[in-house]
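Letters A, B, ... are given to chains in the order of the sequence lines, protein chains preceding strands, and every chain is numbered from 1.
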Protein chains: 2
Amino acid sequence: MTQADDHPLSRPSSTTQRAVHDRIAHDLGVAIVGGRYQPGDILPGEERYSAEQGVSRTAYREAVRVLSAKGLVYSRTKSGTRITDRLRWNMLDLDVLAWMFEAGPTAEFLRDIFELRIVVEPAAAQFAALRRDGQDISRMGHALEEMRRFGLQTAEGRAADQSFHRLILHATRNESLITLATSVTAVVAWTTRFARDERKESRDPMPDHDAVFDAIMRGEGEEARLKMLALIRNASTDAGML
Amino acid sequence: MTQADDHPLSRPSSTTQRAVHDRIAHDLGVAIVGGRYQPGDILPGEERYSAEQGVSRTAYREAVRVLSAKGLVYSRTKSGTRITDRLRWNMLDLDVLAWMFEAGPTAEFLRDIFELRIVVEPAAAQFAALRRDGQDISRMGHALEEMRRFGLQTAEGRAADQSFHRLILHATRNESLITLATSVTAVVAWTTRFARDERKESRDPMPDHDAVFDAIMRGEGEEARLKMLALIRNASTDAGML
DNA sequence: ATGCCAATTTTCCTCATACCAATTATGGCA
DNA sequence: TGCCATAATTGGTATGAGGAAAATTGGCAT
């Protein structure tokens, strides 16, 4: 166990103090996607911000570079750093999505993502049915077993559920689809985390999952697509979305 | 004409010299997505790189922040800056896609994007059919007129074609879908730019476009989806993809 | 020889300062 | 009033100096 017990994906733990530039990027990012800055507005100048916030110009600049890389702002000498209009934002970037969520997601934002989910995940199931190999199948089967054993009330059960969906993505052999679905499912997870337990009784999720798995196992692409669509529709209505 | 004749989207013109950190990010980005660095490899240290390349540590660090924001690398003190594994890359970032294309896109990469196109654009047409208003319709109609008038051999005709597809996206009223489709169509445009003119004679694209427009105008979602699917299939086979 | 612990070194992170480049604003002149 | 040179502002780059954390090294005891 020489290295990398913590992955770079994991959000900085509460103990680890975040890098300064990272914190600045986070704060500005939340403020921007939250609408406290409007497209066309100019961010505070380097001199001013660093003085007011008690950080170095270096740290502020690196934060701006991050925001710029995600399409939220663009800098021009003398003109200053302006907020880009929303059409150029990298809406599917995991950080941007997280900031949106933290800023208090609008209903339109959530609707957009759940629509995207309905487009993407059934398509993923379809590709998975056409490209999966034996190992994919056995792993999916194992994930469903665990899910059935623990149920969605336990952490293990939810982990097995997520694992099942990740295995489907992996079986598509399409990296761009994986990237996209990762972002989408992250938002879905954040959303349903809060919606959970408020419902009186949730339906048994296993029949839907079994149907998807069965279609993928038999290599039936179109059927896998439709079964996944049904699964999402049920899950979404249960979570109060849709 | 006081400001902003050039949009931030436009690539820096040949006259404007790019910022140093931008050039570094570009060079490293191309090298990374091109496989000259493998996931797990460590980038040169700040001191070393800045000395060898004759740039400041500041510029190099800002470039690394950009790459980090796009998920290509991650930095840890002492451990150095390492290449992230591909699953965490922001494959749908416009810069990353451009770097992939510049590095010489692999066949799998192109296949992935065109598959994504087949998933996304028909879905966009479907949503557009359900949400478009009168202004959307009239603008789409105008774009098709222009396209018919000039043909795809001219720059104006191609601009009208792109405009038509952009208008469909706009009519979806779904920002995440717009972001996604923007990236996808960029890659498609880069690809077909080279494939053009090599074919002996391209089929007339207007019937397919008219059919999509007609379905959207009548508000027939499912039909719009199918017509767009047909349009893409024809265009892709003409371009030699698929 | 092996395993554990402390010191050292390496590398990224932050800050501060200086100067450069480009663009906007200003003010004078015709 | 309109144009043009000058000045001021703001982001961009370079450099030096420490600080913090992790990997390595070396010593010590078992």
Side-chain angles (χ1 to χ4, degrees), chain A residues 1-8 10 12-28 37 40-69 72-84, chain B residues 1-8 10 12-28 37 40-69 72-84:
Chain A
M1 212 73 62
T2 54
Q3 73 141 3
D5 288 66
D6 62 328
H7 305 233
S10 60
S13 60
S14 54
T15 63
T16 320
Q17 55 191 359
R18 303 202 340 219
V20 175
H21 64 84
D22 206 44
R23 181 185 59 75
I24 300 175
H26 172 271
D27 291 350
L28 288 177
Y37 290 102
D41 288 357
I42 66 178
L43 248 46
E46 298 178 352
E47 205 69 48
R48 182 169 146 238
Y49 186 96
S50 56
E52 288 179 358
Q53 300 294 321
V55 297
S56 68
R57 271 185 65 204
T58 308
Y60 178 66
R61 279 186 57 80
E62 292 187 8
V64 169
R65 289 275 76 78
V66 171
L67 298 178
S68 173
L72 297 186
V73 304
Y74 64 98
S75 301
R76 286 167 45 116
T77 43
K78 174 59 187 175
S79 168
T81 299
R82 303 181 110 88
I83 313 297
T84 315
Chain B
M1 209 73 64
T2 53
Q3 72 139 4
D5 287 64
D6 61 328
H7 305 232
S10 61
S13 60
S14 53
T15 64
T16 318
Q17 54 191 358
R18 292 177 21 193
V20 176
H21 63 83
D22 205 44
R23 183 184 58 76
I24 300 175
H26 171 272
D27 291 349
L28 289 177
Y37 291 101
D41 288 357
I42 66 178
L43 247 44
E46 297 179 355
E47 205 69 49
R48 182 169 146 237
Y49 186 95
S50 56
E52 290 179 357
Q53 300 292 323
V55 297
S56 69
R57 280 176 40 234
T58 309
Y60 179 66
R61 278 186 57 81
E62 292 187 7
V64 169
R65 290 275 75 76
V66 170
L67 298 177
S68 174
L72 298 186
V73 305
Y74 65 97
S75 300
R76 284 165 50 115
T77 45
K78 170 61 187 172
S79 168
T81 299
R82 302 182 111 89
I83 312 297
T84 316

Inset, instruction - Verify, without hydrogens or angle tests, whether B/Ser68 (side chain) and B/Tyr74 (backbone) share a donor-acceptor contact under 3.5 angstrom. - result: no
Inset, instruction - For each nucleotide in nucleotides 4-13 of chain D, reading 5' to 3', give B when a protein heavy atom comes within less than 4.0 Å of its base, S when such contact involves only the sugar-phosphate, and - otherwise. - result: -----BBBBB
N/O to N/O distances under 3.5 Å, protein versus nucleotides 6-8 of chain C:
none

Inset, instruction - Begin from the C-alpha positions of A/His26 and A/Arg18 and carry the test side-chain contact (heavy atoms from CB on, under 4.5 Å) through to its verdict. - result: CA-CA 10 Å; A/His26 172 271; A/Arg18 303 202 340 219; 3.0 Å; yes
Inset, instruction - Would you name the heavy atoms of A/Ala59 and A/His21 that are closest together and state the gap between them? - result: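 Looking at all heavy atoms of both residues, the closest pair is O-CB, 3.5 Å.
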Inset, instruction - Over all heavy atoms of both residues, which pair between B/Ala25 and B/Ala63 is shortest? Give the atoms and the distance, please. - result: N-CB, 3.6 Å
Legend entry - Rounded interatomic separation in angstrom, taking CD1 from B/Ile42 and P from D/dT24: 10 Å
Legend entry - Distance, nearest 0.5 Å, that separates OG of A/Ser75 from CD1 of A/Ile42: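 A/Ser75 OG to A/Ile42 CD1: 11.0 Å, rounded to 0.5 Å.
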Inset, instruction - Hey, could you give me the CG/CG distance between B/Leu72 and B/Leu28, rounded to the nearest 0.5 Å? - result: 10.0 Å
Inset, instruction - Tell me, with the steps shown, if B/Val73 and B/Thr81 meet side-chain contact (heavy atoms from CB on, under 4.5 Å). - result: CA-CA 7 Å; B/Val73 305; B/Thr81 299; 3.8 Å; yes
Legend entry - With sequence neighbours excluded, residues passing ring-ring contact (aromatic ring centres under 6.0 Å, His included) with A/Tyr49: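 In terms of ring-ring contact (aromatic ring centres under 6.0 Å, His included), with neighbours along the sequence ignored, A/Tyr49 is linked to A/Tyr60.
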Legend entry - Non-neighbouring partners of B/Arg61 that pass salt bridge (Lys or Arg N to Asp or Glu O under 4.0 Å), sequence neighbours left out: A/Glu62, B/Glu46
Legend entry - With sequence neighbours excluded, residues passing salt bridge (Lys or Arg N to Asp or Glu O under 4.0 Å) with B/Asp27: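 B/Asp27: salt bridge (Lys or Arg N to Asp or Glu O under 4.0 Å) contacts with B/Arg23.
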Inset, instruction - Mind grabbing the angle between the end helix axes of the helix from C/dA1-D/dT30 to C/dA30-D/dT1? Five pairs an end, 10° rounding. - result: 0°
